[in-house]
Amino acid sequence: MEVVIADSVEQVGAVAAAKVAAVCRAATRRRGAPPVLGVATGSSPLGLYEHLAAMVSAGDLDLTDASAFALDEYVGLPREHPQSYAQVIARTVTEPLGLAPDRVHVPDGTAADPEAASREYEERIRNAGGIDVQILGIGANGHIGFNEPGSSFSSRTRIKYLTERTREDNRRFFDSLDEVPTHCLTQGLGTIMDARELVLVAQGTGKAAAVAAMVEGPVSARCPASLIQFHRFATIVIDADAASGLQDAEYHRSVFDHKPDWQRWDR
Ligand code: F6R
């Protein structure tokens, strides 16, 4: 796990996008095939997506023929609801990055048989050759995807309930708490750990406790993100506020001390 403390929220997006772009280029070189991205919704990765979109527009990153798989979707919201993750991903990822809509996949939260829809989603990921780089945020309670505390470390895509904490946190996107769905389909922790690289972004003091538990805490189902400690290629990009709960922050320093050449993160 490589932890990079950026100098600002703006720099979190820039550094994380540079990392994602480097992984995409390497994946294309290595496999001779377009990259497969895993994409998160929520506020945390928005800057990252903006920076990626700028690289695509400038011709620095080729995502023609790339495909993408969303982490999760609400159960019970119609696909056309503005807060369904199908719509959020279309607005924040598919359009700005110029991806072909038929290569962008979101779990089907309207499926009559959620278990069958979950199995089918896993199969689609497998058929695409697996995910090259999974972009993640982290919940204030340590969830990744919607794998809430207590989730099985080997879980695959499935239907899950949302905790009251998560529903409260996501209430800002709806008119009232009652409108926030109670269930979701989410990639499992096992699915996320299968991605060849992980890039997790977090900003603000509201994430400080979860980030500390993920990076320095015991690996525990109480903080599902702590499982990432076992991933071979995980990069955590956070601002100083999100880093403020770390006891050993001196190991991570500022991004420029740490990795002066981060803009050319290819390997
Ligand atoms: C989103 C997702 C969640 C969010 C997390 C943080 O698809 O799976 O794990 O990444 O809840 O959300 P924000 O970024 O809005 O604080």
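One-based numbering, in listed order, for ligands and for the atoms of each. These numbers come from the heavy atoms of this one structure, side chains and all, not from hydrogens, waters or symmetry mates.
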Evaluate the side-chain proximity of Leu227 to Met193: yes if any heavy-atom separation is below 4.5 Å, no if none is. yes
I want to check something: taking the side chain as every heavy atom from C-beta on, are Leu37 and Phe69 in contact at a cut-off of under 4.5 Å? no
For ligand 1, which of its N or O atoms have a protein N or O partner closer than 3.5 Å, and how long is each gap?
residue: ligand 1; atom: 7 (O); partner: Thr41; partner atom: N; Å: 2.9
residue: ligand 1; atom: 7 (O); partner: Thr41; partner atom: OG1; Å: 2.8
residue: ligand 1; atom: 7 (O); partner: Asp72; partner atom: OD1; Å: 2.8
residue: ligand 1; atom: 7 (O); partner: Asp72; partner atom: OD2; Å: 3.4
residue: ligand 1; atom: 8 (O); partner: Asp72; partner atom: OD2; Å: 2.5
residue: ligand 1; atom: 8 (O); partner: Gly145; partner atom: O; Å: 3.3
residue: ligand 1; atom: 9 (O); partner: His143; partner atom: NE2; Å: 3.4
residue: ligand 1; atom: 9 (O); partner: Gly145; partner atom: N; Å: 3.4
residue: ligand 1; atom: 9 (O); partner: Gly145; partner atom: O; Å: 2.7
residue: ligand 1; atom: 11 (O); partner: His143; partner atom: NE2; Å: 2.7
residue: ligand 1; atom: 14 (O); partner: Ser43; partner atom: N; Å: 3.2
residue: ligand 1; atom: 14 (O); partner: Ser44; partner atom: N; Å: 2.8
residue: ligand 1; atom: 14 (O); partner: Ser44; partner atom: OG; Å: 2.4
residue: ligand 1; atom: 15 (O); partner: Ser43; partner atom: N; Å: 2.9
residue: ligand 1; atom: 15 (O); partner: Arg172; partner atom: NH2; Å: 2.9
residue: ligand 1; atom: 16 (O); partner: Lys207; partner atom: NZ; Å: 2.7

Say whether Ser43 and Arg172, considering side chains only, have a donor N or O and an acceptor N or O under 3.5 Å apart. yes
Is a side-chain donor-acceptor pair under 3.5 Å present for Glu10 with His51? yes
Is any NZ, NE, NH1 or NH2 atom of the basic residue among Arg25 and Asp62 found under 4.0 Å from an Asp or Glu carboxylate oxygen of the other? no
I'd like to know whether His183 forms a ring-ring contact (aromatic ring centres under 6.0 Å, His included) with Tyr161, so could you lay out the CA-CA distance, the side-chain angles of the two residues, the decisive distance to 0.1 Å, and finally the verdict. CA-CA 4 Å; His183 288 74; Tyr161 67 93; 7.1 Å; no
